[in-house]
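Note sheet for the following structure.
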There are 2 protein chains.
Amino acid sequence: MTVIDSAPVRTARPEGRERYTISEVADYAGLSAHTLRWYERIGLMPHVDRSHTGQRRYTDRDLDWLDLVGKLRLTGMPVADMVRYAEMVREGDHTVVDRLRLLSSHREDVRRRIAELQSTLDVLDYKIDRYGELCGLHTSPGFTSPDS
Amino acid sequence: MTVIDSAPVRTARPEGRERYTISEVADYAGLSAHTLRWYERIGLMPHVDRSHTGQRRYTDRDLDWLDLVGKLRLTGMPVADMVRYAEMVREGDHTVVDRLRLLSSHREDVRRRIAELQSTLDVLDYKIDRYGELCGLHTSPGFTSPDS
DNA sequence: TAGTGAGTTGGAGTGCACTCCAGGCAAGCG
DNA sequence: CGCTTGCCTGGAGTGCACTCCAACTCACTA
């Protein structure tokens, strides 16, 4: 992968060590060990290496990748798209244009979502204000509602 | 339901008519007719009335309700929570405090989500900038990447 | 040396939110 | 009259993203 496929910001890592067990990574990334193995099976991880006994040993690079995946996941990118992205990263630099396209289109999605959320926030504020008034005026039961 | 359970803003309605068929409502709300029937089955609709032949006839009030449901849905409120809300609305005004609680807690969720999306947007901007540079520098294939 | 705890696998199961299907009814049209 | 269109029902099926299971290995401690 290219240098830009590691996250730009660093988050606190368990220790200064450079190889992590699956449960350490699960804790760090907020995913279950199951999910980490599943990510690997479906091709969402860039080949995790193993200890001499066959246990997974994640590197800081893997943690960086998981940071990015976590961000994309939180913003609702489908797993299939993330896998496509991961594949492109593995395929090398001739895929940068497509990667750019994928990321840009996702960015548009995210922008749209922010706008949607914002507009819902307005509706919620309005309704919460109304309910607040209602609760402030008569908190006790025993009156009839105008409609319903 | 109370007056505040209709949406504060009006959106364009199919026609000035006051009773709509399921497919008109599907078009309007951006849901399938299947989904509208399903909403009713699970108790997410406040009793839709019927024509003399048993077909659903939605009112403007139903459309208002669907506006709200659509907003909540877009902001990721689980259907189960929306059903709880709908039940409370049906139960009458003694549930306003709980409704307020539910809405307020959802508002916090939405605020958190906006912040998350915003932070992802920053990451995306950063990566897209890097990819942009890369594409600007060498759009043709045939070179080796620094890593992988 | 036996037990505990953390890891391994492939495959099956879960929960959510739809989505579709088969079979049927009612209205309108040529 | 037959045909098409739109709607009805209960129940089954789908896709996504996990989530768990059974059966196993390995390292460590009492």
(message) Rounded to whole Å, please give me the gap between OH in A:Tyr58 and P in C:dG7.
(response) 10 Å

(message) Using whole Å, what does the distance between atom P of nucleotide C:dG28 and atom CD of B:Gln55 come to?
(response) 11 Å

(request) Of all the heavy-atom pairs spanning A:Trp65 and A:Leu44, show the shortest one and how long it is. (result) NE1-O, 2.6 Å

(request) Return the set of residues passing salt bridge (Lys or Arg N to Asp or Glu O under 4.0 Å) with A:Arg73 (not counting sequence neighbours), or none when no residue passes. (result) none

Contacts under 3.5 Å, N or O only, protein and nucleotides 16-21 of chain D:
| from | atom 1 | to | atom 2 | distance (Å) |
| --- | --- | --- | --- | --- |
| D:dA17 | OP1 | A:Val79 | N | 3.3 |
| D:dA17 | OP2 | A:Val79 | N | 3.4 |
| D:dC18 | OP1 | A:Arg73 | NH1 | 3.3 |
| D:dC18 | OP2 | A:Tyr39 | OH | 3.4 |

(message) From CD of A:Glu24 over to C1' of C:dG7, roughly how many Å is that when rounded to an integer?
(response) 13 Å

(request) Give a yes-or-no answer on whether the side chains of B:Asp98 and B:Thr95 include a donor-acceptor pair shorter than 3.5 Å. (result) no

(request) Return the minimal non-hydrogen interatomic distance between B:Ser32 and B:Ala26, and the atom names on each side. (result) C-CB, 4.1 Å

(request) Respond yes when some side-chain nitrogen or oxygen of A:Ser23 is under 4.0 Å from OP1 or OP2 of C:dG7, and no when none is. (result) yes

(request) To the nearest Å, give me how far apart CZ (B:Arg50) and P (C:dA27) are. (result) 16 Å

(request) Find the distance A:Ile42:CD1 to D:dG15:P and express it as a whole number of Å. (result) 16 Å

(message) Under 4.0 Å from OP1 or OP2 of D:dC7: is there any side-chain N or O of B:Arg56 that close?
(response) no

(message) Tell me the interatomic distance from B:Asp27, atom CG, to D:dG6, atom P, rounded to whole angstroms.
(response) 11 Å

(request) Verify whether one side chain among A:Tyr85 and A:Arg99 offers a donor that lies under 3.5 Å from an acceptor in the other. (result) no

(request) For B:Tyr58 and B:Arg19, test the side chains for any donor-to-acceptor distance below 3.5 angstrom and give the result as yes or no. (result) no

